[in-house]
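Quick notes on the structure that follows.
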Amino acid sequence: MLSTHKLLINLNEAQTAAVTTDAQHSLVLAGAGSGKTRVLVYRIAWLLAAEGISPYAILAVTFTNKAAAEMRNRVAELLETPARGMWIGTFHSIALRLLTMHHKEAGLPKNFQILDSEDQYRLIRRVISDLELDEKQWQPRMVQSFINGKKNEGIRANEIDDFGDDNSSTLINIYQHYDDHCNRGGLVDFAEMLLCTHQLLLNNPPLLEHYQGRFGAILVDEFQDTNDIQSAFIRLLAGTKNKIMVVGDDDQSIYAWRGAKIDHIIGFKDLFPNTIQYKLEQNYRSSNNILHAANAVIKNNAKRLGKELWSQQGDGELIQYYGAYSEYDEAAFVAEEIDNLIDSGIDGDQIAILYRSNMQSRLLEENLLKHNIAYKVYGGLRFFERMEIKDVLAYVRLINNRHDDVGFERVINTPTRGLGNKTVNQIRNCALINQVSLFSACQILLKNNSLTARAAGSLAGFINMIDEFDNNHDKEQLNPLFDDVIERTGLRDHYQKEPPEKALTRLENLDELLNAAETFVKPQEDDQIGMTALSSFLAQVSLEAGERASDKDVPCVQLMTLHSAKGLEFPYVFLVGLEQGLFPHQNSMEDPEKLQEERRLCYVGITRAEQKLFMTYATSRRIRGRTQGCAPSKFLREVPEKLVNQIQGNVFTAPRGGMFANQDNSAFAQHQPGVLVSHKIFGEGTIIELSGQGDYTQIMVEFQDHGTKILAAKFAKLEVI
DNA sequence: TCTACGACTATTTTT
DNA sequence: TAGTCGTAGA
C-alpha cells in the first residue's frame, strides 16, 4: 500500500492542500499547466490510502475519452495496480453504463442504440419532412441545436411553453416528434443519454439511494465545461453526504456555445455551502513572459474568479509579433520560421500552429508543403465517422435492432438495389401512418402486396438478408459477421468502383474495421450486465469515434484550431490570424459575453506555449473571395509592449488613421472618397467625404437613385464594389 | 441512377 | 472564392 508520505513529496503546497483537504466539497481552480490532472489523481490515491475509502466509492468524471484514459492510467501508475472497482469515465460513458444496467427502469429496450450527431441530424431531417415542413424555414442544424439546447437544460418538449408563438410551437412539435421517433426505435442521442440518466435516478428513489450510498467521493474534471444537466447529475449523485471535488479553470471555458455554463463553476460555492476553494497558480509549463502575456490578456475579462499564473522558470524569450501584409505573407513567414527551427534541430512535433477557424489551415499547409515540412492537421473525420465505416455499422445496427430507422435509411439503397426515392417514400409513409419502424413498415407493405413486383422482390431480398445475417451469426463473434456483411451486401464491390485513390483508402478502412472487430474484447462490466459483444462494440464506437486520421510516423508540425488545442502543450507555438473579425470572430465581437469567450480562447492559445510564442496577423486578407483590410486583433494590444518583439509592423504605435483607424470595423479601410460602394437599401453610389473617427466615422455617399446621404459607417454596412 | 449544374453559405466540436 | 448540397435532366 502506498504511504501517504510518499504521496505528498511530489506536490507543491497548494496541490498538497487540495489533495489532503478534509472539506466535504472542494473547488480547485487550476490554471493552465498547474498540475490539474496530478491533483485529481493524487486526490484519488489520498482518499484510498489516507482516508481508507473503498475504490468502489470513487466516481471520477471527465469530458473526453482521452482525459478519462489518462486519469485511469495515471491512477494505476501511482497505485502500482490497475484502477479496479472505481468508476472513471466520461459523463456519457457513465450514463451509458447506468442506462444499460437499468434499461428497464429507464424505459429503454435492451439493445437501444446511440445516435451520434450525424445520425441525429438525419433523423431530424426525416421528422421535418414527415411533418411537411420546409427545410428552408426549419433548418435541420438550427432545429438540432434547439433540441440539444433544451435537452442540455434538462427540458422536455412537453415542458416548454410556446407563449402562443407559432415559431416556438413548431420547434416544440418537431422536438416532440423527434423524441417519439427515438422512443419507438430505441434510439438515444448524446444529450438524451444524460437527460435520461438524470431522470432515471430522479424517478427511482431506491436506485438513487443506492448510488448515493455507493459513491462517497465524486471528482469532476474540467468543471467549467459542464452544462446544466451534467451539473444537476453530479448534484443528484452527491446528495447531502458525499464528497465532491471539482477541478477546472473558469478562464479556459470555451464551450458556452454548446451548452457549457461558466456559472456552474463560478456559482459552485453557493450551491455547495461546505466548499473550500483552492487555487493552483504555479505553472510548470511556460516561461514567465508567456505567462505574463496570458495574465494580462485574461485580466480584461470581467466575469472570472481571478487567478494569476506564475512560474519559477526565467523570463524566457520575448513573444514574437509579425504583422504580415497579407495572409500569403503570414503563411510564408510561419513556414520559414518553422523551417529555421527544424534546421536548428528541433523536431516538427514540438511545433504547433493554432488558428481560430479551420479554413485557415489551407494556406499554411501549402507553405509547409513548399518547404517540405511534415505536418498533421487535426480535425476532420475520425475513423468511425467515415462513410464506409458508418455504412457497415448501419447494417450491423439494423441486425442488432430492426427498429433502428437511422440505420435503415442509411443502407436501404446502399449499395443501390433499385429501392429509390419512390419506394423509400412509400415505406416512410406506411411507417408514419402505422406509427411503426421502417423495417416493420416494409413487412406490412410486403404482406399487403402494396409494392410493384420489382420493388417488392428487391425489398424482400433486403429484409431476408438482414434476417439471415442475424440468424447465421453468433453475437459474440464479431469478425465473421462484419466480414459477411461487407461481402454479401456488396459494399466492398461498391467502394471498389470508386476512383482508385478513394477506393484504396476505403477498402483499407474496411480492413481496419474488420481488424477492430477481430481484436475487440468485451469489457468485463459489459459482460456482467449481459451485453452481447455486438451491442458492446456498437456502443463503444458511438461513444468513442476513434483516432483522428494520421498518415505519417515522422514527427509532424501540428496544425489545429484553438479549441482542439485545449489541454495540449508545445515548446513552440504559432498563433496566427490575430485580426479583428477573425479572432475575435466577427460573430462574437459585439456581444460582451461572446467576446469574453474569445478572450478565454486567446488565453488558452497563449498558455499552450512552453518556450517561444509567435503571434501573427495580416493587414489584408481574402475572405469569401473578397480582399479586406484587417485591423490587428485587440488581444494583441492587451499584451504589455515590454513582453513583445515585433518583427514587422507595430501594433503598439500603429497610427490611429489609415489602416488601423477603425479597429472594430476593418472594412472601413477601403472607404475613401471616390470609391464606388453599394448599400442594402439605397443601392450603388460614390463616397464623397469622410468625417469623424473610429466608431463615429460618418460617410457621405452620393447614391445613383437616392441622392446624397450621410451614413454612420459602423452601421451602414457599405460594400466596396 | 448517375451526373452536372446552380444555389447557397461561410466559427469553434466532444460525446 | 470554394465547397457542399439538392434538384433537374439524361
Side-chain angles (χ1 to χ4, degrees), chain A residues 61-68 89-96 114-121 125 129 134-136 139-142 144-145 148 151-152 188-195 197 221-222 225-227 229-230 253-260 327 354-363 378-382 384-385 413-424 458 494 497-498 539-546 548 560-567 577 581-589 591 594 597-598 600-602 604-605 621-628:
Chain A
V61 192
T62 64
F63 276 83
T64 65
N65 292 301
K66 207 169 133 195
T90 63
F91 274 103
H92 289 85
S93 70
I94 284 161
L96 175 67
I114 299 165
L115 295 187
D116 70 16
S117 309
E118 194 205 342
D119 300 332
Q120 183 188 38
Y121 176 77
R125 289 190 65 184
S129 120
D134 182 8
E135 263 198 14
K136 289 261 151 49
Q139 292 183 2
R141 292 274 169 227
M142 188 273 275
Q144 185 175 26
S145 75
N148 288 336
K151 288 193 179 191
N152 286 339
V188 179
D189 62 53
F190 288 137
E192 181 68 32
M193 291 176 72
L194 302 175
L195 179 51
T197 307
D221 190 16
E222 304 274 18
D225 286 337
T226 47
N227 63 33
I229 200 75
Q230 288 160 338
S253 161
I254 54 173
Y255 287 109
W257 51 276
R258 61 182 199 209
E327 73 271 37
L354 311 181
Y355 37 78
R356 176 70 240 260
S357 80
N358 283 308
M359 60 156 198
Q360 289 170 260
S361 74
R362 220 194 67 212
L363 250 192
Y378 286 76
L381 286 186
R382 292 180 305 172
F384 288 103
E385 290 168 350
N413 203 28
T414 309
T416 48
R417 54 172 69 82
L419 296 169
N421 241 321
K422 205 176 132 228
T423 318
V424 174
S458 185
H494 175 67
K497 284 183 202 129
E498 290 197 36
Q540 199 172 98
V541 301
S542 306
L543 279 190
E544 201 170 340
R548 298 279 181 188
M560 68 188 85
T561 63
L562 286 153
H563 281 89
S564 34
K566 197 174 88 165
L582 189 59
F583 186 30
H585 194 270
Q586 193 72 47
N587 305 352
S588 306
M589 280 172 33
D591 180 346
K594 287 186 178 169
E597 179 146 318
E598 296 283 311
R600 291 194 291 268
L601 197 53
C602 185
V604 167
R621 182 179 296 268
R622 212 176 164 80
I623 292 175
R624 290 179 222 167
R626 194 157 251 161
T627 304
Q628 292 182 352

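Here is how names work: the chains are called A, B, and so on, in the same order as the sequence lines, proteins then strands, and each is numbered from 1.
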Have a look at Arg622(A) and say if it touches a base, only the backbone sugar-phosphate, or nothing, with a 4.0 Å heavy-atom cut-off. sugar-phosphate

With a 4.0 Å cut-off on heavy atoms, is Asn65(A) in touch with a base, just the backbone sugar-phosphate, or nothing at all? sugar-phosphate

For the residue pair [X] and [Y], what are the closest heavy atoms and their distance?
{"X": "Gly259(A)", "Y": "Asn152(A)", "result": "CA-ND2, 4.5 Å"}
{"X": "Tyr355(A)", "Y": "Ser361(A)", "result": "OH-CB, 3.4 Å"}
{"X": "Glu598(A)", "Y": "Pro584(A)", "result": "OE1-CA, 3.2 Å"}
{"X": "Leu543(A)", "Y": "Ser93(A)", "result": "CD1-CA, 3.7 Å"}

Could you write out each protein N or O paired with an N or O of nucleotides 9-11 of chain B at a distance under 3.5 Å?
| unit_1 | atom_1 | unit_2 | atom_2 | d |
| --- | --- | --- | --- | --- |
| dT11(B) | O4' | His585(A) | NE2 | 3.3 |
| dT11(B) | O2 | Arg356(A) | NH1 | 2.8 |
| dT11(B) | O2 | Arg356(A) | NH2 | 2.5 |

Could you tell me the separation between the [atom1] atom of [X] and the [atom2] atom of [N], rounded to a whole number of Å?
{"X": "Gln360(A)", "N": "dG3(C)", "atom1": "CD", "atom2": "P", "result": "16 Å"}
{"X": "Asn148(A)", "N": "dT13(B)", "atom1": "CG", "atom2": "P", "result": "17 Å"}
{"X": "Leu194(A)", "N": "dT14(B)", "atom1": "CG", "atom2": "C1'", "result": "11 Å"}
{"X": "Tyr378(A)", "N": "dT14(B)", "atom1": "OH", "atom2": "C1'", "result": "16 Å"}
{"X": "Arg258(A)", "N": "dT15(B)", "atom1": "CZ", "atom2": "P", "result": "9 Å"}
{"X": "Ile623(A)", "N": "dG3(C)", "atom1": "CD1", "atom2": "P", "result": "16 Å"}
{"X": "Asn227(A)", "N": "dT13(B)", "atom1": "CG", "atom2": "P", "result": "18 Å"}
{"X": "Arg626(A)", "N": "dA2(C)", "atom1": "CZ", "atom2": "P", "result": "15 Å"}

Glu597(A)/Lys594(A) salt bridge by N-O under 4.0 Å criterion: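 Salt bridge absent between Lys594(A) and Glu597(A).
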
Using atom names, set out every protein N or O paired with an N or O of nucleotides 1-8 of chain B below 3.5 Å, distance rounded to 0.1 Å.
| unit_1 | atom_1 | unit_2 | atom_2 | d |
| --- | --- | --- | --- | --- |
| dT1(B) | OP1 | Gly418(A) | N | 3.1 |
| dT1(B) | OP2 | Asn413(A) | ND2 | 3.1 |

Is the centre of the His563(A) ring less than 6.0 Å from the centre of the Tyr255(A) ring? yes

Just N and O in the side chain of [X]: are any of them under 4.0 Å from OP1 or OP2 of [N]?
{"X": "Ser117(A)", "N": "dT14(B)", "answer": "no"}
{"X": "Ser564(A)", "N": "dT13(B)", "answer": "yes"}
{"X": "Arg382(A)", "N": "dT15(B)", "answer": "yes"}

Would a 4.5 Å heavy-atom cut-off, applied to side chains only, mark Glu385(A) and Glu118(A) as touching? no

Do the side chains of Phe190(A) and Gln120(A) get nearer than 4.5 Å, heavy atoms only?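 With C-beta onward as the side chain, the pair stays apart.
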
Look only at the side chain of Asn148(A) and the backbone of Ser145(A), and say whether a donor-acceptor pair between them is shorter than 3.5 Å. no

Would you list the protein and nucleotides 5-10 of chain C atom pairs, both N or O, that sit under 3.5 Å from each other?
| unit_1 | atom_1 | unit_2 | atom_2 | d |
| --- | --- | --- | --- | --- |
| dG6(C) | OP1 | Arg125(A) | NH1 | 2.6 |
| dG6(C) | OP1 | Arg125(A) | NH2 | 2.7 |

Do we count Trp257(A) as stacking onto dT12(B) if the rule is ring centres under 5.5 Å and planes under 30°?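 Yes, the aromatic ring of Trp257(A) stacks with the base.
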
Return the 5'-most residue of the pair Glu544(A), Glu597(A) with respect to DNA chain B, ranking by each residue's nearest nucleotide. Glu597(A)

Work out how far the C1' atom of dT12(B) is from that of dC5(C), and round it to whole angstrom. 22 Å

Contacts of type salt bridge (charged side-chain N to carboxylate O under 4.0 Å, His left out), residue Glu327(A), not counting sequence neighbours: none

Salt bridge (charged side-chain N to carboxylate O under 4.0 Å, His left out) partners for Arg417(A), two or more places apart: none

Partners of Glu498(A) by side-chain hydrogen bond (donor to acceptor under 3.5 Å, both in side chains), sequence neighbours excluded? Arg506(A)

